[in-house]
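For the numbers below, each heavy atom of this structure counts, side chains included, while hydrogens, waters and symmetry mates do not. Heads up: numbering here begins at 1 and tracks the sequence. Not measured: the values here are computed from a predicted model.
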Amino acid sequence: MKIRLLSGFGKWIMAGGYCYCLVAGLVACTPDRGQVNVIPLPNDMEIKEGFFEIDSTRFVNEGADKFITCHIDSASYNELGDEGYELSVSSGSVHLNAATGKGAFYGKQTLKQLVSSRGIPCVEIKDTPRFGYRGLHVDVSRHFFPKEEIMKLMDEMAFYKLNKFHFHLTDNGGWRIQIDKYPRLTSMGAFRTQCEWVEWWDKKDRTYLPEGTPNAYGGYYTKEDIREIVAYAEKRCIEVIPEIEFPAHSDEVFVGYPELCCMGKPYAGGEFCAGNEQTYTFMEDVLTEVIDLFPSAYIHIGGDEARKVEWKNCPKCRALMTKEGIKDWDELQCYMIERMETFLTSKGKKMIGWDEISKNQLLPASTVVSYRGQEFASYAANKGYKVVFTPGAALYFDWYQATPDTQPRAMTGYSPIKKMYSICPVATTPESAVCNDDSGKVS
């Protein structure tokens, strides 16, 4: 039985050459050949009769290396690329070929999925990824996860060949990373009165508490924690992309450093003061420490949902606009984003941010994360920018997946699994169409 898809690493939900979340592929075979489930479905797989007999528990506990022959040859790079592999399983042997260690790693993940109580089914697989960015985003500001939970999540990411972990470390829910130059970010901005978001944010409690306050909710990662997480990720071929929010969503910063907001006091707004030079010094200092911890090519700076209310009444912001010839508030935000882009570029990093940054004239290396849907993804792509397609209406897992009265409280909206699966990441030409139809079957 031969199964072919026009994509690599199966069907991924994404667009613009980037990916956010995966879709399961299921191949049902005749009984004598068993049933083979690989997620995502390899782009070229031939299923044969028989099994390589191995105890599944031993295979998982002792590791694939003990039972397979693995060959890494850079000469096959043009054919397999950085993450592709070839896998050949017969009743007597298992051979894995790749051009790089990453490719071999992903081949072993496929083997982990293939192993069953009968052993590993005999297959021939040739697989290369269709998309270079296959990511998962986790917001640890609004809900804090200990490093052990992050590592468990990375194990699952690796199993499904996800290679980018977007680590949302700061937002108005709390500051989650140790910064030596600004210790009050964590001592005053990492803990709050309520665990439940609806109680704290929606009902407008929104009070932060000093570290050590009894029953306070929150936490943060020390620099050693971050190093452990990054090292753990690297072993699983995952790039950790940190997000430091700017210029909005920063209420927690101003509890410890109120001089950085327009009003000069906490609880008076969530945007940095655009006209205060200390704002840029602060961000450059913070990003310098972040860069030292994260080897990622990308640094995410947020860039979304600035209300701009305080800017309109701020003498410093108005003075900057006059000095720089900035004509409106959107352009003022573009000025702030451009300064961060210039700084990150000077440090050898690429800026990535939410789709509001597409209003800027971005550098070619910068990337837009489109969370507001196809319109904004298309806008950014048509300007020539790289785009990660992450529509909230389908790929945010905190939306309702059934009628609200049958579900735990969710953020908003309705996004069942079928809706997630139906996302088509690219134009549906005959050569590229691998989307699901209404039946949920791969077409």
Side-chain angles (χ1 to χ4, degrees), residues 136-154 165-230 232-233 240-261 265-272 282-283 285-287 289-290 293-294 299-302 304-305 354 396-398 408-411:
L136 184 69
H137 163 267
V138 175
D139 182 345
V140 296
S141 173
R142 291 175 175 86
H143 185 81
F144 180 69
F145 292 90
K147 66 180 179 182
E148 293 79 10
E149 292 297 317
I150 297 297
M151 292 174 179
K152 288 180 182 178
L153 185 58
M154 287 180 174
F165 180 64
H166 177 174
F167 204 8
H168 194 139
L169 288 164
T170 76
D171 209 297
N172 44 36
W175 188 279
R176 304 298 181 207
I177 180 172
Q178 175 188 352
I179 300 295
D180 293 336
K181 196 164 185 177
Y182 299 94
R184 294 198 296 275
L185 289 171
T186 47
S187 67
M188 298 181 69
F191 297 86
R192 63 185 195 234
T193 52
Q194 303 280 349
C195 171
E196 293 295 330
W197 187 255
V198 65
E199 298 294 329
W200 189 76
W201 185 260
D202 293 0
K203 294 186 179 180
K204 302 187 186 305
D205 178 343
R206 305 186 189 183
T207 303
Y208 302 94
L209 296 172
E211 183 177 6
T213 301
N215 301 317
Y217 172 77
Y220 61 91
Y221 306 100
T222 66
K223 289 193 170 182
E224 186 54 38
D225 290 336
I226 295 293
R227 292 186 186 100
E228 286 183 43
I229 289 169
V230 169
Y232 197 86
V240 184
I241 301 173
E243 177 175 351
I244 305 297
E245 280 289 333
F246 184 82
H249 288 263
S250 298
D251 306 61
E252 82 288 3
V253 173
F254 310 135
V255 177
Y257 301 93
E259 66 275 13
L260 297 177
C261 66
K265 60 183 181 180
Y267 306 111
E271 286 74 42
F272 283 92
F282 169 85
M283 277 301 293
D285 289 341
V286 168
L287 291 175
E289 293 194 36
V290 168
L293 291 169
F294 293 91
I299 302 293
H300 199 298
I301 53 82
D304 63 317
E305 298 176 344
W354 300 112
Y396 275 38
F397 296 156
D398 55 358
R409 188 186 186 279
M411 178 183 173

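- Inter-residue side-chain proximity for E243 and T170 is flagged as unmet; no heavy-atom pair is nearer than 4.5 Å.
- Considering only heavy atoms from C-beta on, T193 comes within 4.5 Å of L209 through its side chain.
- The aromatic ring centroids of Y221 and F167 lie less than 6.0 Å from each other.
- Between W354 and H168, the ring-plane angle classifies as tilted under the 30° and 60° cut-offs.
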### Query
Where do I177 and E289 land on the side-chain contact (heavy atoms from CB on, under 4.5 Å) test, with the steps shown first?
CA-CA 10 Å; I177 180 172; E289 293 194 36; over 6 Å; no
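- The two residues D285 and K181 make their nearest non-hydrogen contact at OD2-NZ, 3.3 Å.
- Closest non-hydrogen pair, R176 versus F144, comes out as CD-CD1, 3.7 Å.
- Residue H143 comes nearest to Y217 through the heavy atom pair ND1-OH, 3.1 Å, listed as atom of the first residue, atom of the second, then distance.
- Note that CZ of F165 is 4.5 Å distant from CE of M154, once rounded to the nearest 0.5 Å.
- Using a 4.5 Å heavy-atom threshold, the side chains of V286 and W175 count as touching.
- When all heavy atoms of L287 and I299 are compared, the pair lying nearest together is CD2-CG2, 3.9 Å.
- Annotation: side chain of D304 is in contact with side chain of E245 (closest heavy-atom distance under 4.5 Å).
- Side chains of D139 and F145 form no contact here, defined as non-hydrogen atoms less than 4.5 Å apart.
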### Task
Start with the C-alpha gap between R192 and D205, add the side-chain angles, then the distance that decides, and say whether salt bridge (charged side-chain N to carboxylate O under 4.0 Å, His left out) holds.
CA-CA 9 Å; R192 63 185 195 234; D205 178 343; over 6 Å; no
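- Counting only heavy atoms from C-beta outward, the side chains of V255 and Y267 approach each other to under 4.5 Å.
- Between L293 atom CG and Q178 atom CD the span is 8.5 Å, to the nearest 0.5 Å.
- In this pair, W201 and W197 present their aromatic rings parallel. The plane angle is below 30°, not in the 30 to 60° band.
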Atom pairs and distances, side-chain donor-acceptor, residues 247-254, under 3.5 Å, sequence neighbours left out:
from : atom 1 : to   : atom 2 : distance (Å)
H249 : ND1    : D171 : OD1    : 2.9
H249 : NE2    : E305 : OE1    : 2.8
S250 : OG     : A248 : O      : 2.8

### Task
Step by step, work out the side-chain hydrogen bond (donor to acceptor under 3.5 Å, both in side chains) result for Y396 and H137.
CA-CA 9 Å; Y396 275 38; H137 163 267; 5.9 Å; no
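- For the atom pair NZ of K223 and CG of D225, the computed distance is 12.5 Å after rounding to the nearest 0.5 Å.
- Counting only distance, with no hydrogens or angles, the side chain of S187 and the backbone of E211 share no donor-acceptor pair below 3.5 Å.
- Other residues, nucleotides and ligands contribute at most 12 non-hydrogen atoms within 6.0 Å of the CD atom of E196.
- Residue D202 places its CG atom among more than 12 non-hydrogen atoms of other residues, nucleotides or ligands, all under 6.0 Å distant.
- Note: H166 NE2 to L136 CG = 10.5 Å, rounded to the nearest 0.5 Å.
- Residues N172 and Y208 form a side-chain contact, since some pair of their non-hydrogen atoms from C-beta on lies under 4.5 Å apart.
- Heavy atoms only, all atoms of each residue included: V240 and P242 are closest at O-CD, 3.5 Å.
- At a threshold of 4.5 Å between non-hydrogen side-chain atoms, the residues V290 and I179 count as touching.
- Closest approach of P266 to P258, counting heavy atoms only: CD-CB, 3.8 Å.
- A distance of 5.0 Å separates CG of L185 from OH of Y257, quoted to the nearest 0.5 Å.
- Ring geometry for Y182 against F282 counts as perpendicular: the plane angle is over 60°, on a 0 to 90° scale with 30° as the lower cut.
- Judged purely by atom type and a 3.5 angstrom limit, S141 uses its side chain to pair as donor or acceptor with the backbone of G174.
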